[in-house]
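Naming: A, B, ... by sequence-line order, numbering from 1 per chain. None of these values were measured; they are calculated from a predicted model.
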Amino acid sequence: MRASLDPIQTLHEEPADAEVVSHRLMLRAGFVRKVAGGIYSYLPMAIRSLRKVERIVREEMDRAGALEVLLPALQPSDLWEKTGRWQEYGPELFRVSDRHERPFALGPTHEEVITDLISQTVRSYRQLPVLVYQIQTKFRDERRPRFGILRGREFIMKDAYSFSASEEDARRIYAVMQETYARIFTRMGLDCRMVEADSGLIGGNHSHEFMVLAQSGEDTVLLCEKCSWASNVEKAPEARLCPACGEPVVSRTAIEVGHVFYLGHKYSSRMEATFLDAAGKEVPFFMGCYGIGVSRLLAAAIEQSHDEQGMIWPMSIAPFRATVLPLGPGMMERAETGQVVSALEEIWPGEIYVDDREIRPGMKFQDADLRGFPYQVILGERNVEKGCGEVKIRRTGERIVASLPEIPALLHRRAATESPEA
RNA sequence: CGGGGCGUAGCGCAGCCCGGUAGCGCACUCCCUUGGGGUGGGAGUGGUCGAAGGUUCAAAUCCUUUCGCCCCGACCA
């Protein structure tokens with residue numbers, strides 16, 4: 001993509017109403033714009049990363065045997081009346097009426113809709129288990145939206161639901177989802193911990209959260225310094241010593257990016273969602289649900305990986321893998337520049353951001369650093385005259401001068417060792 | 001929802017106390033300059049001062065109401 005196609009400008013000055021680093025950087029780098037409190041437009045850069053996050057989530061969910069669906073955001077109130085959550089969910093549930101004054105909810109989550117669907121569809125234990133997921137915009141009228149994309153009133157979520165014929169099978173799927181989530185966050189280059197958690201309004205009696213350790217996190221987790229034990233502080237408020245091995249625990253702030261719940265019969269019994277078991281008896285589904293905050297992950301990734309100059313994207317979710325910076329007048333038009341860009345497009349199709357704007361070199365450097373593309377290919381006149389270009393590695397600041405034809409192979413090699421997960 | 005703060009040009013801010021022609025920086029347009037880390041200079045464009053009502057000869061400024069936004073606090077992906 002050419003920079004000149006995008007009208008969005010980066011901001012030199014700090015936005016006044018952004019507190020946390022991910023919010024500030026997303027505004028400054030032109031990733032998002034605020035429309036109202038807790039409501040944002042996602043601009044071209046952000047969409048690129050968002051789609052990559054979604055692709056990783058889809059690949060791993062598909063690998064786990066989940067089927068993708070798309071359920072409605074607009075949900076009739078009677079489904080929510082069935083589970084009692086029309087009352088229970090409180091003011092956080094967005095409610096709207098149609099022209100006939102019929103009440104609807106804007107879905108904050110989809111247990112009701114999916115349970116209704118599956119109970120109409122599955123009659124026999126022979127059809128079980130069923131595992132479905134979707135990636136969709138959710139609505140929650142948060143008591144306090146904040147931190148930009150981290151806690152919005154509208155956000156993108158991957159939610160999955162499992163229906164099993166036995167508790168044992170439901171717990172097996174729960175374990176599969178735990179592994180799947182770990183894979184997803186690892187592929188995204190995140191330092192993520194799984195912790196024991198409270199179940200909250202979604203319910204059930206057993207749940208784990210996936211936490212990205214970050215300064216601006218809203219949650220506090222307790223981590224054992226010796227073993228792998230970890231817990232949300234809400235779950236073990238008094239813990240000083242690890243319940244698993246007796247070593248001291250440390251407290252860290254974190255961002256919740258995923259949450260898996262064992263639901264059991266909570267929704268299936270309330271909604272009378274049943275199937276016939278092997279004995280011909282009508283029993284409620286054993287359920288689980290599994291969420292990932294897709295849009296929140298963008299902010300979490302920035303919180304965890306940035307420096308004074310700006311974002312530092314992991315390869316797997318960077319908006320572009322590399323940017324080409326032709327410096328000075330005429331450099332964009334030179335044949336060498338076109339050749340380098342085409343050669344890079346060969347190894348990474350669609351992944352090259354060419355800064356063809358007629359601006360000073362300093363601004364191109366600043367913007368490239370701010371937006372955090374993993375690799376910068378700098379084409380200055382002096383180097384190009386000698387048939388060379390300079391590669392800058394964003395994360396380390398390392399600079400390598402190489403002959404122009406060698407640059408694609410160099411990047412390919414570096415990426416293979418530096419970002420094998422991508 | 002409690003507590004605190006803020007709404008003035010696309011962004012960041014001053015002006016408000018003490019009422020009297022709406023200002024600065026960035027961005028944007030044009031000219032010159034510069035060309036490897038947000039060049040330098042010159043000339044310009046752009047604002048119903050969040051909204052409504054009130055006081056006054058006169059309101060960004062004082063009063064009332066209202067809307068919005070941000071931050072801190074009690075189970076949220």
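At a cut-off of 3.5 angstrom, the base of B:rG25 holds at least one donor-acceptor pair with the side chain of A:Glu13. Judged by atom type and distance alone, A:Arg399 reaches the base of B:rG37 through a side-chain donor-acceptor pair under 3.5 Å. In terms of polar N and O atoms assigned as donor or acceptor, the side chain of A:Arg144 never comes within less than 3.5 Å of the base of B:rA74 in a complementary pairing. The base of B:rG38 is paired with the side chain of A:Arg28 by a donor and an acceptor separated by under 3.5 Å.
Between A:Pro145 and A:Lys392, the residue anchored nearer the 5' end of RNA chain B, judged by the nucleotide with its closest heavy atom, is A:Lys392.
In the displayed structure, A:Arg2 atom CZ is contacted under 6.0 Å by at most 12 heavy atoms of other residues, nucleotides or ligands. The environment of CD in A:Glu272 is sparse: at most 12 heavy-atom neighbours from other residues, nucleotides or ligands sit within 6.0 Å. Within a 6.0 Å sphere centred on CD of A:Glu168, heavy atoms belonging to other residues, nucleotides or ligands number 12 at most.
For A:Lys34, counting side-chain heavy atoms from C-beta on, the closest listed nucleotide (B:rC70, B:rG37, B:rA77) is B:rC70. Nearest nucleotide to the A:Arg143 side chain, out of B:rG38, B:rC71, B:rC75: B:rC75. Among the nucleotides B:rG12, B:rA77, B:rC75, the one closest to the side chain of A:Ala16 is B:rG12. When the nucleotides B:rG36, B:rC26, B:rC71 are ranked by their closest atom to the side chain of A:Arg146, B:rC71 comes out on top. Among the nucleotides B:rG36, B:rC69, B:rG38, the one closest to the side chain of A:Asn383 is B:rG36. Among the nucleotides B:rC11, B:rC69, B:rG37, the one closest to the side chain of A:Asp369 is B:rG37.
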With B for base contact, S for sugar-phosphate-only contact and - for none (protein heavy atoms under 4.0 Å), nucleotides 28-34 of chain B reads S-----B
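A:His12 has no side-chain polar atom (N or O) that falls below the 4.0 Å cut-off from OP1 or OP2 of B:rC26.
With sequence neighbours excluded, no residue satisfies ring pair (Phe, Tyr, Trp, His ring centres under 6.0 Å) with A:Phe155. For A:Tyr174, the ring pair (Phe, Tyr, Trp, His ring centres under 6.0 Å) partners two or more places apart in sequence, or in a different chain, are A:His206, A:His208. With sequence neighbours excluded, the residues forming a ring pair (Phe, Tyr, Trp, His ring centres under 6.0 Å) with A:Phe210 are A:Tyr181, A:Phe185, listed by chain and number.
Going from the C1' atom of B:rC70 to that of B:rG50 covers 15 Å, rounded to whole Å. With P as the reference atom, B:rA9 and B:rG23 are 14 Å apart, rounded to whole Å. The C1' atoms of B:rU21 and B:rC17 are separated by 22 Å, rounded to the nearest whole Å. Rounded to a whole angstrom, the distance from the C1' atom of B:rC71 to that of B:rU66 is 22 Å.
A ring-ring contact (aromatic ring centres under 6.0 Å, His included) with A:Tyr353 is found for one member of A:Phe320, A:Tyr375, A:Trp348 and no other, namely A:Phe320.
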Can you pull every protein N or O that's under 3.5 Å from an N or O on nucleotides 42-47 of chain B?
none

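In the model, A:Arg85 has a side-chain atom that pairs as donor or acceptor with a side-chain atom of A:Tyr267 under 3.5 Å.
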Distance-only donor-acceptor pairs under 3.5 Å for side chains of residues 25-45 of chain A, two or more places apart:
| from | atom 1 | to | atom 2 | distance (Å) |
| --- | --- | --- | --- | --- |
| A:Arg28 | NE | A:Leu11 | O | 2.9 |
| A:Lys34 | NZ | A:Asp17 | OD2 | 2.9 |
| A:Tyr40 | OH | A:His23 | NE2 | 3.1 |

